[in-house]
Amino acid sequence: MTVAKYFDEMSYGPAPESDIEARDWLARHAFGFGHFINGAFVASASGKNFDTFEPATGKVLAKLAIGGAADVDNAVAAARKAQASWARLPGHARARHLYALARMIQRHARLIAVVEAIDNGKPIRETRDLDVPLAARHFYHHAGWAQIQDTEFADHVPVGVVGQIIPWNFPFLMLAWKVAPALALGNAVILKPAEYTSLTALLFAELASAAGLPQGVLNIVTGEGETGALLVGHEDIDKIAFTGSTEVGRVIRERTAGSGKSLTLELGGKSPFVVFDDADIDGAVEGVVDAIWFNQGQVCCAGSRLLVQEGIADLFHERLKRRMQTLRVGQPLDKCIDMGAIIAPVQLTRIEALVKKGVSEGATLHQAKIDLPKGGSFYPPTLLCGVQPTSIVATEEIFGPVAVSMTFRTPEEAIQLANHTRYGLAASVWSETIGLALNVAAKLAAGVVWVNATNLFDAAVGFGGKRESGFGREGGREGCYEYLKPKAWVGRKARAAMPALSQVKPVAGDFALPSIDRTAKLFIGGKQARPDGNYSRVITSAKGKAIGEVGEGNRKDIRNAVVAAQAASARSNATTTHNRAQILYYIAENLSGRADEFASRITAMTGASAANANAEVDAAISRLFTYAAWADKYEGSIHQPPLRGVALAVPEAIGVVGVICPPEAPLLGFISLVAPLIATGNRVVAVPSEPFPLSATDFYSVLETSDVPAGVVNIVTGSAIELAKILAAHNDVDALWAFGSAELSTTVEKLSSGNLKRTFVDNGKATDWMDRAAAEGALYLRRAVDVKNIWIPYGE
């Protein structure tokens, strides 16, 4: 081809990145890679290994060790031995180590980028210009948190030994996301990289060792799914941090239930990409390129669902198809390509099958007519138009370079379509009217929202989802808390068994008039309600005297309470933080007026002394004041990532939250759990103390006179464990707090895996509800909200 012809056609020639150094590094490990345990590479105890392949060619890249039970045991033992010493280091010392790791990444950035491109199949431009620099940024950023940990997290300590499992789509960046905060805050790590893409993790281990990271602080065990399962099930691990599929995340939730392990899950997504008719169409088209064809669409937060306003849909799709035709698919090390290879043949087959299914369900297929490399796993940029909201390609995560498109007419319809998914990871909103964009962003069920942008990430800005996209955050201050635990909860003892109540003693009748019977009802939707089953249970004093009866709640009562809580959503959302503060103050005022009555009830139920009963009521009133004070002060923050723009970290109510109150402290325990949820705008379905429920049933008369909107607080009495099972399995309950027996915690965590609702349990450990450090404040407020990060770039 002549030079003149190049100018006429404006076509690209190949611009390959050299892979000599990367191939030399692989050649030095031609006999295979071992696990990195206690600062050294060691062979698998079983001697077993497996091959890892190059996605672009299908050729074998390296031989990796398969981690078995002995290998995981060794890694955990090394981490446990190192963790205490690592945590005792001054923050400055840990900061120096993280700084050294960041500098090491920068010095070897090109080698890491090339190995990543070869191993994963993604374009070298992405690994070189995005993945590796952002990984270094994470280590720099968290070196800062290590430096100031003593002042910024003075009331927290490290979780301990952390097991981390990362996916194959961003192998090196995911390593940095997880390892940097864990190490910075004094934890030791066992990392299990994806079986498809373990090479950059092993390269990082070499670099970390050369940088002087102490032995045992970082351990890497390679293998397949069975190795990850061994890590999840290990009894001496304090936390599991997992990024991967929703299906595997659900299994991990079940297997860690009742173990006491801290858990964060960053799972799948089906993120909406909403384009309004006043959007910059060309800018939005480029946004789609970044949203779904970046990394071959193998991105958990990929903007795979295009929602385009009807008035511009034809023009938008026309320009998008024209732009698709200019994309180039090629070998990963070619610096002129836009898309590389799909990770493996099995993933390519899945993409092809889902696209075929989408077409059979009525979608119109458009694929860029471009040449694909021979051999390897490649797939062209793909657009499916006219997709129905219930089509499999609109509901299932394809995890490939496939965008599906549908239209809408009004902002309300756009919000409804965007939220029509079981996921809730990310979203993009495109509009030149900032008020419209922010209004929509606030109403989207997503942990991250980009305005007139997509796929923006930074170490200072929390990332994570809700619903079946998981829970927990990575990055920023909110991500630091995932690797810490409150000092006040360290050393909690198992809850003492509640004393068995005496049998009700028979009472001989006389000719005096009996007292007028009053059976406490349930409280649902702002009204007293009889239990559906028409059963009740007798409540006795510590001496066995019958002092009242309460309704025996069942599945239908919980259903009615959840429906009432959902119906209260609009009213609750319209309530300002100031209004919520006033309501909580009003509740405290009305409770104060009846303090003697509530204290007498506590004494009658529990046998507590008058002084202790009065102290509990006083503490309950004070706690209501605390959360009234916080209601208009628990605010978000403004992150300033290194770009022209800001990210608003906005704490949002979780939604409908079930609460199983502890058996002890019947009034204070109830208020300590319900009040922070009310303060932050949630709706509550509460199950009071099982042995002592009358404080809560008395309390609903306080709620009735305190301007609490109907349905915001619902009370269902009965068996804690049986009602917890119903709440945990209910798909319209967004979170569940459960304080009681170890069995209760296990049950709640296991059954919550259905919709992956957030749980807050005590694993049968006793909380001193009179201790403000352990039972009040930010510890509870953080668990009462999801933090949504809204990115707002500005400038031309």
Side-chain angles (χ1 to χ4, degrees), residues 141 144-145 148 152-153 155-156 181 264 266 301 415 424-429 434-453 456-467 469-482 484 569 572-581 584 626-655 657 675-683 734-735 758 760 777-794:
H141 177 78
W145 284 121
I148 60 178
E152 294 303 301
F153 302 109
D155 53 352
H156 284 73
T264 50
E266 196 266 281
C301 56
I415 293 166
L425 188 54
S428 295
V429 181
I434 192 64
L436 171 64
L438 292 178
N439 181 55
V440 171
K443 295 177 179 178
L444 295 179
V448 181
V449 180
W450 297 290
V451 174
N452 293 327
L456 299 178
F457 310 101
D458 185 61
V461 183
F463 182 86
K466 57 194 306 176
R467 295 178 172 176
S469 289
F471 46 78
R473 294 292 181 265
E474 295 183 295
R477 180 185 289 271
E478 55 260 46
C480 288
Y481 282 112
E482 305 292 350
L484 297 166
S569 174
S572 181
N573 290 339
T575 303
T576 66
T577 56
H578 172 72
N579 293 149
R580 293 201 294 270
L584 285 161
T626 293
Y627 289 112
W630 273 116
D632 60 357
K633 300 174 186 66
Y634 193 70
E635 299 171 331
S637 58
I638 300 176
H639 298 308
Q640 295 179 284
L643 54 77
R644 288 191 303 170
V646 297
L648 308 180
V650 183
E652 294 185 330
I654 296 171
V657 182
L677 290 165
I678 298 174
T680 48
N682 296 281
R683 285 79 65 200
D734 302 298
R758 288 176 58 180
F760 182 20
L779 302 182
Y780 294 80
L781 291 165
R782 277 197 302 275
R783 289 161 177 81
V785 298
D786 281 321
V787 176
K788 174 186 286 182
N789 277 282
I790 304 173
W791 289 72
I792 310 173
Y794 50 73

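When all heavy atoms of Pro641 and Ala647 are compared, the closest pair comes out as CD-N, 4.2 Å. Contact record, Ala784 with Pro676: CB-O, 3.9 Å, taken as the closest heavy-atom pair. Of all heavy-atom pairs spanning Glu478 and Val787, the tightest one is OE2-CG1, 3.6 Å. What you find for Ala628 and Leu584 is that their closest heavy atoms are CB-CB, 3.6 Å. In terms of heavy-atom proximity, Gly464 sits nearest to Leu425 at C-CD1, 3.7 Å. For Lys466 against Ala446, the heavy-atom pair with the smallest separation is CD-N, 3.8 Å.
Looking at residues two or more places apart in sequence or on another chain, you find a side-chain contact (heavy atoms from CB on, under 4.5 Å) between Glu152 and Trp145, Ile148, Arg477.
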Leu643 and Asp458: side chain to side chain contact (heavy atoms under 4.5 Å, CB included), yes or no, with the steps? CA-CA 10 Å; Leu643 54 77; Asp458 185 61; over 6 Å; no

Go through Tyr794 and Val646 one step at a time and tell me if the side chain to side chain contact (heavy atoms under 4.5 Å, CB included) criterion holds. CA-CA 8 Å; Tyr794 50 73; Val646 297; 4.2 Å; yes

Would Phe457 and Val461 satisfy side chain to side chain contact (heavy atoms under 4.5 Å, CB included), going step by step from the backbone distance to the final call? CA-CA 7 Å; Phe457 310 101; Val461 183; over 6 Å; no

Would you please test Phe463 and Asn789 for side chain to side chain contact (heavy atoms under 4.5 Å, CB included) and show each step? CA-CA 8 Å; Phe463 182 86; Asn789 277 282; over 6 Å; no

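Two residues are said to be in side-chain contact when any heavy atoms from C-beta on lie closer than 4.5 Å; Thr577 and Lys633 fail this criterion. When side chains are defined from C-beta on, Val449 counts as touching Lys788, because their heavy atoms get closer than 4.5 Å. Side-chain contact between Tyr627 and Leu781: present, with at least one pair of heavy atoms (C-beta onward) separated by less than 4.5 Å. Within the 4.5 Å cutoff, side-chain heavy atoms of Leu444 are placed close to those of Val429.
In this structure, Arg783 forms a cation-pi arrangement with Phe760, its terminal cationic atom sitting closer than 6.0 Å to the ring centre and no more than 45° off the ring axis.
Taken from CZ in Arg683 to CG in Leu677, the straight-line distance is 10.5 Å, to the nearest 0.5 Å. Atom CG of Asp632 sits about 8.5 Å away from atom OG1 of Thr576, to the nearest 0.5 Å. Separation of atoms CG (Leu648) and CD1 (Ile792) is listed at 4.0 Å; rounding is to 0.5 Å. To the nearest 0.5 Å, the span separating CD1 on Ile638 from CD1 on Ile790 amounts to 11.5 Å. Between atom CZ of residue Arg580 and atom CG of residue Asn682 there is a gap of 8.5 Å, rounded to the nearest 0.5 Å. Rounding to the nearest 0.5 Å places CZ of Arg758 at 4.0 Å from CD1 of Ile654.
Distance alone, capped at 3.5 Å, is enough to place a donor-acceptor pair between the Ser428 side chain and the Ala453 backbone. The main-chain N or O of Ala445 is never found under 3.5 Å from a side-chain atom of Arg467 such that the two would form a donor-acceptor pair. For Glu652 (side chain) and Asp786 (main-chain N/O), no donor-acceptor pair under 3.5 Å exists by modelled atom type.
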